[in-house]
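What follows is one structure encoded as structure tokens, with my remarks underneath.
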Amino acid sequence: MTVEISVDQLPSPEDSAAVFTFAMTFNGYSELGSLEAAAAAAREKRRTSLLDIRNELFFSARASRHRQDDEYIARYRELLPYFHRLLATDQST
């Protein structure tokens with residue numbers, strides 16, 4: 001189940017715990033049907049829909065957890081403009 005989001009719910013990139021929690025509000029495995037499908041979609045970096053960018057962040061956060069690093073923060077910073085654009089577009093329809 002995907003949680004609906006709005007621009008004002010996007011965490012600050014300075015708050016790594018909040019970014020991780022936000023990333024986990026989306027489950028790419030469930031949404032895309034499998035680990036393999038989520039991984040393939042994340043690697044494609046399509047970034048044309050909220051599903052694309054939420055999955056990319058989810059997968060990055062999961063990978064960071066496995067590696068015990070915080071690379072997902074850099075990915076979140078990279079994706080933040082896409083979140084703003086797509087959420088603004090989504091709310092205007």
Side-chain angles (χ1 to χ4, degrees):
M1 179 176 132
T2 301
V3 175
E4 294 294 320
I5 58 170
S6 62
V7 171
D8 62 324
Q9 293 172 306
L10 295 172
S12 165
E14 306 306 317
D15 186 345
S16 61
V19 172
F20 189 85
T21 298
F22 172 70
M24 294 299 109
T25 64
F26 180 89
N27 185 326
Y29 307 148
S30 295
E31 293 292 328
L32 296 168
S34 69
L35 178 142
E36 293 79 12
R43 281 192 300 270
E44 287 178 20
K45 296 184 180 182
R46 283 182 292 216
R47 301 178 178 179
T48 59
S49 71
L50 283 172
L51 183 124
D52 291 337
I53 61 174
R54 293 195 75 189
N55 180 66
E56 190 176 337
L57 178 61
F58 164 79
F59 207 80
S60 179
R62 294 287 300 193
S64 282
R65 181 189 292 181
H66 280 291
R67 292 187 307 262
Q68 298 181 344
D69 64 31
D70 63 355
E71 288 183 27
Y72 69 99
I73 298 298
R75 180 65 48 91
Y76 179 66
R77 287 181 193 278
E78 187 178 323
L79 292 173
L80 205 49
Y82 293 91
F83 275 108
H84 282 279
R85 182 176 53 81
L86 290 167
L87 288 170
T89 301
D90 192 47
Q91 292 175 358
S92 67
T93 57

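- The list of ring-ring contact (aromatic ring centres under 6.0 Å, His included) pairs with a residue in residues 32-67, not counting sequence neighbours, reads Y29-F58.
- One distance of note links CZ of R46 with CG of L51; it measures 7.5 Å at 0.5 Å rounding.
- For the side chain to side chain donor-acceptor pair (under 3.5 Å) test, residues two or more places apart in sequence or in another chain that qualify with T48 are D52.
- With sequence neighbours excluded, the residues satisfying side-chain contact (heavy atoms from CB on, under 4.5 Å) with A40 are R43.
- Note on residues 17-26: no pairs pass salt bridge (Lys or Arg N to Asp or Glu O under 4.0 Å), not counting sequence neighbours.
- Applying the ring pair (Phe, Tyr, Trp, His ring centres under 6.0 Å) rule to Y72 yields the partners F20; only residues at least two apart in sequence or on another chain are considered.
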message: side chain to side chain contact (heavy atoms under 4.5 Å, CB included), that's the test. Do Y76 and L10 meet it? Break it down for me.
response: CA-CA 10 Å; Y76 179 66; L10 295 172; 3.6 Å; yes

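- Minimum heavy-atom separation, A23 to A61: CB-CB, 3.7 Å.
- For the side-chain contact (heavy atoms from CB on, under 4.5 Å) test, no residue two or more places apart in sequence or in another chain qualifies with T21.
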Stepwise side chain to side chain contact (heavy atoms under 4.5 Å, CB included) check, N55 with E31: CA-CA 8 Å; N55 180 66; E31 293 292 328; over 6 Å; no

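- Applying the salt bridge (charged side-chain N to carboxylate O under 4.0 Å, His left out) rule to D69 yields the partners R67; only residues at least two apart in sequence or on another chain are considered.
- Applying the salt bridge (charged side-chain N to carboxylate O under 4.0 Å, His left out) criterion to E14, with sequence neighbours excluded, gives R77.
- Sorted by first and then second residue, the ring-ring contact (aromatic ring centres under 6.0 Å, His included) pairs involving residues 33-52 (not counting sequence neighbours) form an empty list.
- Shown here are the ring pair (Phe, Tyr, Trp, His ring centres under 6.0 Å) partners of Y82, two or more places apart in sequence or in another chain: there are none.
- Side-chain atoms of D70 never come within 3.5 Å of backbone atoms of I73 as a donor-acceptor pair (strictly under, hydrogens ignored).
- Counting heavy atoms from C-beta on, the side chains of R47 and R85 never come closer than 4.5 Å.
- In this structure the side chain of I53 never reaches within 4.5 angstrom of the side chain of F26, judged on heavy atoms.
- Checked against salt bridge (charged side-chain N to carboxylate O under 4.0 Å, His left out), R62 has no partners two or more places apart in sequence or in another chain.
- Going from atom CG of L80 over to atom CG of L57 covers 10.0 Å, rounded to the nearest 0.5 Å.
- Put simply, CD on Q9 and CD on E4 are 9.5 Å apart, with the number rounded to the nearest 0.5 Å.
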